[in-house]
Amino acid sequence: MKIYFATGNPNKIKEANIILKDLKDISVEQIKCPYPEIQGTLEEVSEFGAKYVYEKMNYENHGFSNPVGKPIIVEDSGFFVESLNGFPGTYSKYVQETLRNEGILKLLEDKEGDDRRAYFKTVIGYCDEKGVKLFKGIVKGMVSYEIRSKGYGFAYDSIFIPDGEDRTFAEMKTEEKSEISHRKKAFEEFKKFLCNMQ
Ligand code: IMP
C-alpha cells in the first residue's frame, strides 16, 4: 500500500521511510499539495490539513495524479520550550525563519538546568474514506548552550539534546534520530494502526 504524505519537507519523507521500513508492503511517497495552516493546536492543524488534502486529492483532483480513494497523511510538528510557556510551539516554522536558533539561544541565555527543558511534538493526520485519525509523539530533552551540528537534521535539531543523550539531534545520523524522535513515536502509533488494518 502506498501512503501519500503531503509535505514540502523531504526530511520528513526520509524519516518516515526509515521508521516504516520493516513494513514491507507500505511505502510513503511525497505529494506536493499545500494546505492552509489554520491557527490552532497541532491536532487542529493536522485534522484540518488531512481532510483538506484528502478531498483535494480524491475528489477535486486539481491536476494531481492520485487516483480516487488513496489514503493520505499530513504531519504537523512543533518545538516547545517549557520555560517560555511552550514558545515557539505552533509558531515554530515562522520563528525558525525569523529568530532562528540563535534567537532561541538568546532568549534562554540566562537560563540553566530545568529552565532549558524542551520537547518536540508531532501529530500525524491520516485520512481515508472513513475519516481522519490522529497519531501523536513527543520527545523530551534540553536546549543546548550553543548550536551543535554535524550537518544532519534540520531546523531546531542543532539546539535540541534528547534525554539520555549528550549529542544534539543534528549530531546524530538520521537513522539514530529516527530511533527516538517525536516523529518515530507518532509513526510507531500509526504503524500499529496500519498493522491492525491489514
Ligand atoms: P511543520 O509545520 O510540521 O513543518 O513544523 C513546523 C516547524 O517545526 C518546521 O518548520 C521546523 O522549523 C520545526 N520542526 C518540525 N519537525 C522538526 C524536527 O524533526 N526537527 C527540527 N525542527 C523541526
Side-chain angles (χ1 to χ4, degrees), residues 4-20 28 30-50 52-53 72-81 84 86-105 107-108 116-127 132 134-144 147-163 165 167-190:
Y4 296 90
F5 190 168
T7 177
N9 185 342
N11 294 293
K12 290 186 177 183
I13 302 289
K14 184 175 178 200
E15 292 183 17
N17 273 314
I18 290 173
I19 296 162
L20 296 176
V28 174
Q30 183 173 16
I31 46 168
K32 291 192 177 151
C33 178
Y35 54 93
E37 284 221 7
I38 56 163
Q39 253 334 302
T41 61
L42 299 183
E43 285 82 356
E44 288 164 345
V45 173
S46 287
E47 178 159 5
F48 181 88
Y52 181 94
V53 172
I72 64 91
I73 53 173
V74 302
E75 181 234 78
D76 200 40
S77 301
F79 181 63
F80 299 78
V81 179
L84 301 178
F87 182 83
T90 51
Y91 302 104
S92 292
K93 184 173 179 196
Y94 177 72
V95 169
Q96 183 58 221
E97 286 165 359
T98 51
L99 289 184
R100 310 186 60 80
N101 289 334
E102 288 83 351
I104 298 288
L105 292 183
L107 288 173
L108 294 178
R116 302 188 75 86
R117 288 206 61 77
Y119 63 92
F120 277 113
K121 180 173 175 183
T122 287
V123 179
I124 297 169
Y126 167 88
C127 192
V132 179
L134 301 181
F135 305 92
K136 304 175 198 181
I138 286 181
V139 60
K140 294 186 175 183
M142 306 289 283
V143 178
S144 57
I147 291 173
R148 283 170 28 197
S149 171
K150 287 198 168 159
Y152 303 114
F154 61 101
Y156 299 95
D157 283 346
S158 53
I159 56 165
F160 180 73
I161 305 170
D163 284 345
E165 263 291 337
R167 295 172 299 167
T168 65
F169 267 164
E171 293 175 307
M172 297 179 192
K173 294 198 171 122
T174 307
E175 287 73 9
E176 291 177 281
K177 174 186 172 189
S178 297
E179 282 297 306
I180 55 175
S181 73
H182 46 311
R183 196 156 289 112
K184 160 80 170 181
K185 291 177 180 167
F187 270 100
E188 281 299 326
E189 290 302 305
F190 181 47

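Whatever order the structure lists ligands and atoms in, that order sets their numbers, starting from 1.
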Original post:
Tell me, which residues have any heavy atom less than 4.0 Å from some atom of ligand 1?
Top reply: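 Ligand 1 is contacted, at a heavy-atom distance under 4.0 Å, by Lys12, Glu37, Glu75, Asp76, Ser77, Ser92, Lys93, Gln96, Phe120, Phe154, Ala155, Tyr156, Asp157, Lys177, His182, Arg183.
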Subject >> Donor-acceptor pair, side chain of Arg116 and main chain of Leu108, under 3.5 angstrom >> reply: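 Judged by distance alone, yes, a pair lies under 3.5 Å.
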**OP:** Could you tell me how the ring of Tyr156 sits relative to the ring of Phe120: parallel (under 30°), tilted (30 to 60°) or perpendicular (over 60°)?
**Re:**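 Answer is perpendicular, since the angle exceeds 60°.
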What I want to find out is whether [X] reaches [Y] closely enough, with some N-O distance under 4.0 Å, to be called a salt bridge.
X: Lys93; Y: Glu37; answer: no
X: Glu75; Y: Arg183; answer: yes
X: Glu175; Y: Lys173; answer: no

Original post:
Looking at residues at least two apart in the chain, or sitting in another chain, which of them share a ring-ring contact (aromatic ring centres under 6.0 Å, His included) with Phe80?
Top reply: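 Result, ring-ring contact (aromatic ring centres under 6.0 Å, His included) vs Phe80: Tyr119.
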